[in-house]
Amino acid sequence: MQRQVELALDQPPHVANAGVGVHGSAGPHEVFRLPRLWQLHLYSYSGMLSFGGVSHPIRPGHVSLVPPDTEVHFHYDAPRCEHLYAHFRLPGSGERRRLPAMQDAGAEAAALSGLLRRTVAASTQSPSRASAELWTVLWRTTTLNGTADNSPGPRHPALRAAIAHIEEHLAGPLNIPAIARAAGVSHTHLTRLFREDTGSTVVGYIRHRRMERARHLLIASTLAIPAIAAAVGISDLQAFNKTCRKELGASPRAVRQAASA
């Protein structure tokens, strides 16, 4: 049985300490807990981690996450066992991700090691930099081997790829065959995925996302309306006005004026 943990990642972590840990010199078994801190380990040795009644084999390249105030048992296969670690707080309360407590980082291990080493280097000199580096590590652990099981948004990998393609190309021409190619599926399959997951057609989804971006630019920026139309891929002002009225319920000028009233 694999133990699961849940991370709130809507805010960056507060790094209390980070470094290279050396275990095993005092014996093959250690027990401890961190009352108020999460602990993340990236291992370069073999052994066993146990907590909450579940044992997790440790192998080089594995990464573990243990919640605060959890008693952990480490069993070591060698007298000197090194790992990169970070002890931290998670101040957030939203944007949660559930993932295994122990994962094989696989091809990501080298990248995670580099990020953790930068966390260690920054921890005493720039707490904000250390926080940013570790935040990246934590987000990357949520997608190791496709293990995250409660990520918001589309469930199908092809749909995620299609939406990413759309977001990157909202300012330019978009057509369904090109989106389907980017997602690696047929036109028909893509249409079905959008219907099942978003309740919309592909064209309807693109129109909605363009108008959401337009709304943001109308409210948050001083960009001229023709520039906003071009920025969301609708360079024809008449078409932009018509789409804005349909999707946002008012003309572009009215949307901007209502926000500043």
Side-chain angles (χ1 to χ4, degrees), residues 1-10 12-13 15 18-24 38-51 54-67 72 74-78 80-88 90 95-123 129-168 179 181-185 193:
M1 180 178 65
Q2 174 69 280
R3 176 73 185 267
Q4 302 280 311
V5 297
E6 191 172 84
L7 305 177
L9 296 178
D10 56 318
V15 181
V20 178
V22 179
H23 288 169
W38 282 85
Q39 51 182 299
L40 179 148
H41 288 186
L42 179 61
Y43 301 96
S44 59
Y45 62 85
S46 297
M48 186 71 69
L49 165 66
S50 301
F51 70 95
V54 180
S55 295
H56 306 276
I58 296 170
R59 297 292 181 268
H62 282 202
V63 59
S64 68
L65 280 157
V66 176
V72 292
F74 280 96
H75 298 267
Y76 310 110
D77 293 346
R80 181 182 174 86
C81 298
E82 291 191 2
H83 59 268
L84 288 163
Y85 75 86
H87 298 164
F88 57 95
L90 287 175
E95 195 72 32
R96 294 182 178 273
R97 294 293 190 279
R98 184 182 297 276
L99 64 153
M102 180 74 75
Q103 299 186 79
D104 182 356
E108 283 282 286
L112 293 180
S113 176
L115 289 164
L116 279 170
R117 290 184 187 280
R118 290 198 288 272
T119 302
V120 172
S123 60
R129 172 67 182 272
S131 174
E133 299 285 7
L134 182 59
W135 203 12
T136 302
V137 171
L138 295 174
W139 272 109
R140 291 182 79 152
T141 64
T142 68
T143 56
L144 290 177
N145 308 308
T147 51
D149 66 356
N150 66 340
S151 299
R155 292 163 290 181
H156 196 286
L159 188 56
R160 290 198 295 269
I163 287 174
H165 180 85
I166 289 168
E167 292 299 318
E168 291 175 13
I179 297 168
R181 284 195 300 272
V185 295
L193 288 174

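Keep in mind that this is a model prediction, so the values were computed, not measured.
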*Asks:* Can you check whether P13's main-chain N or O pairs, donor with acceptor, with S131's side chain at less than 3.5 Å?
*Replies:* yes
*Asks:* List the steps, then state whether side-chain contact (heavy atoms from CB on, under 4.5 Å) holds for V120 with V20.
*Replies:* CA-CA 8 Å; V120 172; V20 178; 5.6 Å; no
*Asks:* Tell me, please, which residues at least two apart from R129 pass side chain to side chain contact (heavy atoms under 4.5 Å, CB included).
*Replies:* R118, A122, S126, E133
*Asks:* Aromatic rings F74 and H41: how do their planes relate, parallel, tilted or perpendicular, breaks at 30° and 60°?
*Replies:* parallel
*Asks:* Counting distance only, does the side-chain N/O of S64 pair as donor-acceptor with the main-chain N or O of M102 below 3.5 Å?
*Replies:* no
*Asks:* Yes or no on side-chain contact (heavy atoms from CB on, under 4.5 Å) for V63 and D104, after CA distance, side-chain angles and deciding distance?
*Replies:* CA-CA 6 Å; V63 59; D104 182 356; over 6 Å; no
*Asks:* Flag the pair L42 / V137 as yes when at least one side-chain heavy-atom distance between them is below 4.5 Å, and no otherwise.
*Replies:* no
*Asks:* When rounded to the nearest 0.5 angstrom, what distance separates CD1 in I58 from SG in C81?
*Replies:* 8.0 Å
*Asks:* At their closest point, which heavy atom of F51 faces which heavy atom of V66, and how far apart are they?
*Replies:* CE2-CG2, 3.9 Å
*Asks:* In Å and rounded to the nearest 0.5 Å, what is the CG to CG distance from L134 to L115?
*Replies:* 9.5 Å
*Asks:* I want to check something: taking the side chain as every heavy atom from C-beta on, are M48 and Y76 in contact at a cut-off of under 4.5 Å?
*Replies:* no
*Asks:* Which heavy-atom pair separates A18 from T119 by the least distance, and what is that distance?
*Replies:* CB-CG2, 4.1 Å
*Asks:* So do the side chains of L144 and L99 get within less than 4.5 Å of each other, counting heavy atoms only?
*Replies:* no
*Asks:* Rounded to the nearest 0.5 Å, how far does CZ of R97 lie from CD of Q4?
*Replies:* 14.0 Å
*Asks:* Could you check Y43 against L84 for side-chain contact (heavy atoms from CB on, under 4.5 Å), going step by step and ending with a plain yes or no?
*Replies:* CA-CA 7 Å; Y43 301 96; L84 288 163; over 6 Å; no
*Asks:* Would you give the length of the straight line joining atom OG of S50 to atom NE2 of H56, rounded to the nearest 0.5 angstrom?
*Replies:* 7.5 Å
*Asks:* Compare every heavy atom of L90 with every heavy atom of A8, then report the nearest pair and how far apart it is.
*Replies:* O-CD2, 3.9 Å
*Asks:* Checking F88 against Q39 for the side-chain contact (heavy atoms from CB on, under 4.5 Å) test, could you report, in this order, the C-alpha distance in whole Å, the side-chain angles of both residues, the deciding distance, and whether it holds?
*Replies:* CA-CA 7 Å; F88 57 95; Q39 51 182 299; over 6 Å; no
*Asks:* Between P60 and S46, which heavy-atom pair has the shortest distance, and what is it?
*Replies:* CD-OG, 3.6 Å
*Asks:* Can you tell me how far apart CD (Q103) and OG1 (T142) are? Round to the nearest 0.5 Å.
*Replies:* 8.5 Å
*Asks:* Over all heavy atoms of both residues, which pair between L193 and A158 is shortest? Give the atoms and the distance, please.
*Replies:* CD1-CB, 4.0 Å
*Asks:* At what distance, to the nearest 0.5 angstrom, does NE2 of H83 lie from NE2 of H62?
*Replies:* 15.5 Å
*Asks:* Which residues pass the ring-ring contact (aromatic ring centres under 6.0 Å, His included) test with H87, sequence neighbours left out?
*Replies:* Y85
*Asks:* Closest approach of D77 and G47, non-hydrogen atoms and distance?
*Replies:* OD2-N, 3.7 Å
*Asks:* Do NZ/NE/NH1/NH2 and the carboxylate oxygens of E108 and R140 come within less than 4.0 Å?
*Replies:* yes
*Asks:* Any non-hydrogen side-chain atom of R96 less than 4.5 Å from a side-chain atom of L7?
*Replies:* no
